[in-house]
Amino acid sequence: MNHQEQARIYFQAGRNCCQAIVGAYCKEIGVDQEEVDALASNYGGGNYQGLCGALAGTYMVANYLKGSPDVDDPARCKDDEAGKLLVELTQDFERECGSLYCTQLLGKKPCVDYVQTAMEILADNLAE
């Protein structure tokens with residue numbers, strides 16, 4: 001099963017958008033699913049500065065894979081390789097979805113679609 005399929009399954013099983021994204025990469029980032037659920041629980045549904053939780057999830061994965069996540073805020077952008085990736089993820093997500101903000105995205109299409117789009121953008125940017 002690939003990361004996109006895993007994220008969709010996690011989301012459809014009741015995890016929030018951020019938990020679904022981070023959970024799909026739990027093996028790669030070295031965090032078990034229970035820890036992911038706790039770590040990402042407060043970042044879904046626009047709870048991270050109003051951003052779509054799926055986008056916040058991509059930030060966390062990028063920080064774990066390409067940088068050093070901040071213990072207090074694993075989605076925070078830093079001036080490192082992950083920070084550059086976060087800028088690309090942000091630009092690509094806004095271009096694809098029309099906004100970064102949950103309140104502007106809700107109702108336009110199902111949240112699972114934003115999870116899938118975020119996963120595609122993350123995969124494309126990690127492959128570069």
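Positions are given from 1, in the same order as the sequence printed here. Since the model is a prediction, treat every value here as computed from it, not as a measurement.
Between Met119 and the choices Asn2, Val61, Ile21, the side chain to side chain contact (heavy atoms under 4.5 Å, CB included) rule is met once, by Ile21. Residue Asp92 is tested with Thr58, Asn125, Thr117 for a side-chain hydrogen bond (donor to acceptor under 3.5 Å, both in side chains); the sole match is Asn125. The side chain to side chain contact (heavy atoms under 4.5 Å, CB included) test with Leu55 is passed by exactly one of Leu122, Ile121, Leu100, Leu105: Leu100.
Around NZ of Lys109, the count of heavy atoms belonging to other residues, nucleotides or ligands within 6.0 Å exceeds 12.
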Item to check | Trace of the side-chain contact (heavy atoms from CB on, under 4.5 Å) decision for Ser41 with Gln19 | outcome: CA-CA 6 Å; Ser41 66; Gln19 290 169 323; 3.7 Å; yes
Item to check | side-chain contact (heavy atoms from CB on, under 4.5 Å) evaluation trace for Cys111 with Phe11 | outcome: CA-CA 9 Å; Cys111 288; Phe11 186 78; 3.6 Å; yes
Item to check | Intermediate values then yes/no, side-chain contact (heavy atoms from CB on, under 4.5 Å), Asp73 and Tyr48 | outcome: CA-CA 10 Å; Asp73 182 0; Tyr48 186 66; 2.8 Å; yes
Checklist entry - Going through the distances and angles, do Glu34 and Asp37 end up as a side-chain contact (heavy atoms from CB on, under 4.5 Å)? => result CA-CA 5 Å; Glu34 189 174 297; Asp37 288 345; 5.7 Å; no
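In this structure, Gln116 CD and Arg8 CZ are separated by 6.0 Å, a value rounded to the nearest 0.5 Å. Note that CE of Met60 is 11.5 Å distant from CZ of Arg76, once rounded to the nearest 0.5 Å. Here CD of Glu28 is found 13.5 Å from OH of Tyr64. Values are rounded to the nearest 0.5 Å. One finds the OG atom of Ser99 at 6.5 Å from the NZ atom of Lys108 (value rounded to the nearest 0.5 Å).
Without hydrogens or angle criteria, Glu35 side chain to Asp32 main chain gives a donor-acceptor distance under 3.5 Å.
No chain of hydrophobic side-chain contacts below 4.5 Å, direct or via other Ile, Leu, Val, Met, Phe, Trp or Tyr residues, connects Tyr59 to Tyr10.
Between His3 and Tyr25, the two ring planes are parallel [angle under 30°; tilted spans 30° to 60°].
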